[in-house]
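Numbers restart at 1 for each chain; the letters A, B, ... are given by sequence-line order, proteins then strands. What you are looking at is a predicted structure, and each value in this text was computed from that prediction instead of being measured.
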2 protein chains.
Amino acid sequence: MSNAKVLPLLEPEPVAPCCPPLTERPMSADEAEVAARMFKALGDPVRLRLFSAVASHEGGEACVCDISDVGVSQPTVSHHLKKLKEAGLLSSERRGTWVYYRVEPSVLAAMGALLAGAAKAA
Amino acid sequence: MSNAKVLPLLEPEPVAPCCPPLTERPMSADEAEVAARMFKALGDPVRLRLFSAVASHEGGEACVCDISDVGVSQPTVSHHLKKLKEAGLLSSERRGTWVYYRVEPSVLAAMGALLAGAAKAA
DNA sequence: CACCTGTATCGACAGACGTCAACATAGACA
DNA sequence: TGTCTATGTTGACGTCTGTCGATACAGGTG
């Protein structure tokens, strides 16, 4: 195995059925469980910076060495990238010496839609 | 005092300057700190359900008694609502016997914009 | 092969977090 | 005033989380 299927829930269907627009109706316990997992992944400053660094990097992907300047140790960086990967927000691929991470667009689209709806409501 | 200024940062400016579109450039440590606080608030299943319940309720606001059926004790509900309030996602107002919570649209708009940009990038 | 660099894993630790029971407070009403 | 309901606060408990140093693994280079 390589970098595949860390979070099986996210592979077959791109989180589309995970969450209603958040203002449409109260979320069920299961829906909340899935959605909260994604928000939680972005709920840490270091992870958010790492994610932003990958997302803003040329081509939407970046080598770890390009983004690991966030003020924590290398094991901590690795740990956070793993968390982001498990949440389905990033995917990784080894190319020679370096490992490249890239953003997973479908999951983000789902989260964005969730919040965009909520903003319109009130 | 009543329900005012739990998070002073969010009062004067509606979090608009808090975050660049997340794909534009790597977030700074300070930006990440502010943004992560909001994501973290939605990173718990119970909080997400409470928030969704408020957001989807008629008029964008709800009494605690209407939304407290999420499977945890009353103190826990109160605790989570406080967290959401501190994160700037909800505001509360007492009207007679009941306390009403309502969604804070500006903050959500900022978060939605953050993610929508990221989804388009990759 | 040995050695070096880049990245992941392990083990440990302090601090944060979610949860509850008990208690406190606010308002309505008699 | 007293009592009842609705909500918030406190204190305690176990668990999760972020962090690091030490170590292991992968791949390139000599």
Side-chain angles (χ1 to χ4, degrees), chain A residues 1-4 6 29 32-33 35-51 53-54 57 61-87 89-102, chain B residues 1-7 29 32-33 35-51 53-54 57 61-87 89-102:
Chain A
M1 75 205 81
S2 60
N3 62 320
V6 193
E33 200 81 38
R37 205 179 334 219
M38 302 188 296
F39 284 115
K40 192 181 211 173
L42 294 181
D44 179 271
V46 174
R47 277 199 296 268
L48 200 48
R49 290 185 71 189
L50 287 171
F51 182 83
V54 172
H57 208 266
E61 73 170 20
C63 155
V64 177
C65 56
D66 289 328
I67 60 176
S68 51
D69 190 20
V70 286
V72 294
S73 70
Q74 177 269 321
T76 302
V77 169
S78 192
H79 170 244
H80 283 307
L81 287 173
K82 186 181 182 182
K83 283 290 192 77
L84 286 168
K85 201 167 136 187
E86 287 173 349
L89 297 175
L90 293 179
S91 60
S92 70
E93 180 192 357
R94 170 155 232 141
R95 285 209 286 274
T97 305
W98 297 280
V99 176
Y100 291 82
Y101 282 80
R102 99 171 36 144
Chain B
M1 73 204 78
S2 58
N3 62 318
K5 299 190 179 39
V6 191
L7 219 185
E33 201 79 38
R37 205 179 334 218
M38 303 188 294
F39 283 115
K40 194 182 212 171
L42 294 181
D44 179 89
V46 173
R47 277 199 295 269
L48 200 48
R49 289 185 71 188
L50 287 171
F51 181 82
V54 173
H57 208 266
E61 73 172 20
C63 156
V64 177
C65 57
D66 289 327
I67 61 176
S68 50
D69 190 20
V70 286
V72 295
S73 70
Q74 176 269 322
T76 302
V77 169
S78 190
H79 171 246
H80 282 308
L81 287 172
K82 186 181 182 182
K83 283 291 192 75
L84 287 168
K85 201 169 137 184
E86 287 173 350
L89 297 175
L90 293 180
S91 61
S92 70
E93 180 192 357
R94 168 156 233 141
R95 285 209 287 276
T97 306
W98 298 278
V99 177
Y100 291 82
Y101 283 80
R102 98 173 35 145

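Within 4.0 Å (heavy atoms only), A:Tyr101 reaches sugar-phosphate atoms of the nucleic acid but no base atom. At a threshold of 4.0 angstrom between heavy atoms, the contacts of A:Arg47 are confined to the sugar-phosphate backbone, with no base atom among them. Residue B:His80 is classed as a sugar-phosphate contact, given heavy-atom separations below 4.0 Å to backbone atoms only. Within 4.0 Å (heavy atoms only), A:Val46 reaches sugar-phosphate atoms of the nucleic acid but no base atom.
Distances were taken from every side-chain heavy atom of B:Trp98 (C-beta onward) to each of D:dC20, C:dT7, D:dT7; the shortest belongs to D:dT7. Comparing atom distances between the B:Ser73 side chain and each of D:dG8, C:dC20, D:dT9 picks out C:dC20 as nearest. Comparing D:dT7, D:dC20, D:dT9 by their closest approach to the side chain of A:Pro75 singles out D:dC20. Which of C:dA26, C:dT7, D:dC16 sits closest to the side chain of B:Arg94 comes down to C:dA26. In this structure, of D:dG28, D:dG18, D:dA6, it is D:dA6 that holds the atom nearest to the side chain of B:Thr97. In the set D:dC20, D:dG8, C:dT7, D:dG8 carries the atom at the smallest distance from any side-chain atom of B:Ser78.
Note: CD (B:Glu33) to C1' (C:dA16) measures 14 Å, nearest angstrom. Distance CG (A:Leu84) to C1' (D:dG18): 13 Å, rounded to an integer number of Å. Between the CD atom of B:Glu93 and the P atom of C:dG27 there is a distance of 13 Å, given to the nearest Å. When the P atom of C:dG18 is taken as reference, atom CZ of B:Arg49 falls 16 Å away, rounded to whole Å. In this structure, A:Lys40 places its NZ atom 8 Å from C1' of D:dT17, rounding to the nearest Å. Per the geometry, CZ belonging to B:Arg95 stands 12 Å off P belonging to D:dT7, to the nearest Å. One interatomic measurement links the two molecules: CG of B:Leu81 to P of D:dA6, which rounds to 16 Å at whole-angstrom precision. In this structure, B:Leu50 places its CG atom 14 Å from C1' of C:dT19, rounding to the nearest Å.
In this structure, A:Lys83 and A:Lys40 have side chains that are not in contact, with every pair of non-hydrogen atoms separated by 4.5 Å or more. Using a 4.5 Å heavy-atom cutoff, the side chains of A:Leu50 and A:Val46 are in contact. A heavy-atom distance below 4.5 Å is found between the side chains of A:Leu84 and A:Leu42. B:Leu81 places a side-chain heavy atom less than 4.5 Å from the side chain of B:Ile67.
Closest of all the heavy-atom pairs between B:Ser92 and B:Lys85 is OG-NZ, 2.8 Å.
Residue A:Lys83 has a polar side-chain atom (N or O) positioned under 4.0 Å from OP1 or OP2 of D:dG18.
Side-chain N/O atoms of B:Gln74 and base N/O atoms of D:dA6 include no donor-acceptor pair closer than 3.5 Å.
Distance alone, capped at 3.5 Å, is enough to place a donor-acceptor pair between the A:Arg47 side chain and the A:Ala41 backbone.
Between B:Thr76 and A:Asp44, it is B:Thr76 whose nearest contact on DNA chain D lies nearer the 5' terminus.
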